[in-house]
Amino acid sequence: MSSRSTCLRNQVGAVIVKDSQILSTGYNGAPKNLPHCEDVGCLREELGVKPGERHELCRGLHAEQNAIIQAAFHGVSVNGAKIFCTTRPCSICTKMLINSGIHEIIYIEEYEDELAAQLVKEAGLKLRQVEIPRKYGRNSK
């Protein structure tokens, strides 16, 4: 899913799964029918915003947000599901995952966000980092 991303800074994908069935997918990019950053440029780059800060200064949604929204749009409950993500979710996405009923987060790359880590612990979410063999992972050739 990350290969569909239109973000100029970081390509992230997410897949929500329950009982071995894909419920929904998402990637980071602009809302439906709006120009993407690859078309109009990156506001965060223009303003010099560091990764992990000022999430509201971006025209895109995160992959996890888009996966939850896609499920809701199609009337699919994600309660009790797992989410597979390219990166560990930020605190905003973590709060959304908790409220949507996701019970496990499986991710590849670390994303430093102390509040997200605290929320995961307090909510009792399962959190698992996995390693993807290079030939299947990001930037593989």
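What you are looking at is a predicted structure, and each value in this text was computed from that prediction instead of being measured.
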Asks: Return the minimal non-hydrogen interatomic distance between C85 and E64, and the atom names on each side.
Replies: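 Reported closest heavy-atom pair: SG-CG, 3.8 Å.
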Asks: Are the side chain of S5 and the backbone N or O of N28 linked by a donor-acceptor pair below 3.5 Å?
Replies: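 Yes.
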Asks: Nearest heavy-atom pair of G80 and H103: which atoms, and what distance?
Replies: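 Smallest interatomic distance, heavy atoms only, reads O-CD2, 2.7 Å.
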Asks: Is the backbone N or O of E53 less than 3.5 Å from a side-chain atom of R44, with the two atoms forming a donor-acceptor pair by type?
Replies: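 Looks like yes, one N/O pair under 3.5 Å.
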Asks: Look at atom CD of E114 and say whether more than 12 heavy atoms of other residues, nucleotides or ligands are closer to it than 6.0 Å.
Replies: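 No, the 6.0 Å shell around CD holds no more than 12 heavy atoms from other groups.
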Asks: Check whether I69 and M1 end up in the same hydrophobic cluster, where Ile, Leu, Val, Met, Phe, Trp and Tyr are linked by side-chain heavy atoms less than 4.5 Å apart.
Replies: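 Each belongs to a different hydrophobic cluster.
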Asks: Going hydrophobic residue to hydrophobic residue with side-chain gaps under 4.5 angstrom, can you get from V40 over to L43?
Replies: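 Shared cluster, no.
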Asks: Same cluster or not: V76 versus I16, using hydrophobic residues (I, L, V, M, F, W, Y) connected whenever any side-chain heavy atoms lie under 4.5 Å apart?
Replies: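 The answer is yes; both residues are in one hydrophobic cluster.
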Asks: Calculate, to the nearest 0.5 Å, the distance between atoms OH and SG belonging to Y111 and C93 respectively.
Replies: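 So the OH of Y111 and the SG of C93 are separated by 9.0 Å.
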Asks: Would you compute the distance between atom CG of L97 and atom CD of Q65 and round it to the nearest 0.5 angstrom?
Replies: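 Between L97 CG and Q65 CD, I get 9.0 Å after rounding to 0.5 Å.
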Asks: Hey, does the side chain of T6 reach the backbone of E38 with a donor-acceptor pair shorter than 3.5 angstrom?
Replies: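 Side chain of T6 to backbone of E38, a donor-acceptor pair under 3.5 Å: no, none is there.
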Asks: Show your working on side-chain contact (heavy atoms from CB on, under 4.5 Å) between I106 and F84 and close with a plain yes or no.
Replies: CA-CA 5 Å; I106 300 132; F84 293 82; 3.6 Å; yes
Asks: Taking M96 as the starting point, is it possible to reach Y107 by hopping between hydrophobic residues whose side chains are less than 4.5 Å apart?
Replies: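 Same cluster.
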Asks: What's the separation between atom CG in D113 and atom OG in S91, rounded to the nearest 0.5 Å?
Replies: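 Reported value, rounded in 0.5 Å steps: 4.0 Å.
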Asks: Pair up each side-chain donor or acceptor in residues 123-133 with any protein partner under 3.5 Å, not counting sequence neighbours, and list the distances.
Replies:
| unit_1 | atom_1 | unit_2 | atom_2 | d |
| --- | --- | --- | --- | --- |
| R128 | NE | E104 | OE2 | 3.1 |
| R128 | NH2 | E104 | OE2 | 3.1 |
| Q129 | NE2 | I108 | O | 2.8 |

Asks: When the side chains of residues 17-25 are checked against the rest of the protein, which donor-acceptor pairs come out under 3.5 Å, sequence neighbours left out?
Replies:
| unit_1 | atom_1 | unit_2 | atom_2 | d |
| --- | --- | --- | --- | --- |
| K18 | NZ | N79 | O | 2.8 |
| S24 | OG | A67 | O | 2.7 |

Asks: If I compare all heavy atoms of A116 with all of C90, which pair ends up nearest, and what's the gap?
Replies: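 Smallest heavy-atom distance, with atoms named: CB-C, 3.7 Å.
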Asks: Between S3 and Q11, is the side-chain contact (heavy atoms from CB on, under 4.5 Å) condition met? List the steps.
Replies: CA-CA 7 Å; S3 67; Q11 288 68 50; over 6 Å; no
Asks: In chain order, what residues pass the ring-ring contact (aromatic ring centres under 6.0 Å, His included) check against H55, with sequence neighbours excluded?
Replies: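 So H55 forms a ring-ring contact (aromatic ring centres under 6.0 Å, His included) with H62.
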Asks: If I take atom SG from residue C7 and atom CG from residue L61, how far apart are they, to the nearest 0.5 angstrom?
Replies: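 Spacing of SG (C7) from CG (L61) equals 11.5 Å.
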Asks: Would you compute the distance between atom OG1 of T94 and atom CD1 of I83 and round it to the nearest 0.5 angstrom?
Replies: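 Output value for this atom pair is 9.5 Å.
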Asks: Using every non-hydrogen atom in the two residues, find where C37 and R59 come nearest and quote the distance to one decimal.
Replies: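 Closest approach of C37 to R59: SG-CG, 3.4 Å.
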Asks: Output the distance between atom CD1 (I68) and atom CD1 (I102), rounded to the nearest 0.5 Å.
Replies: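 The CD1 atom of I68 sits 6.0 Å away from the CD1 atom of I102.
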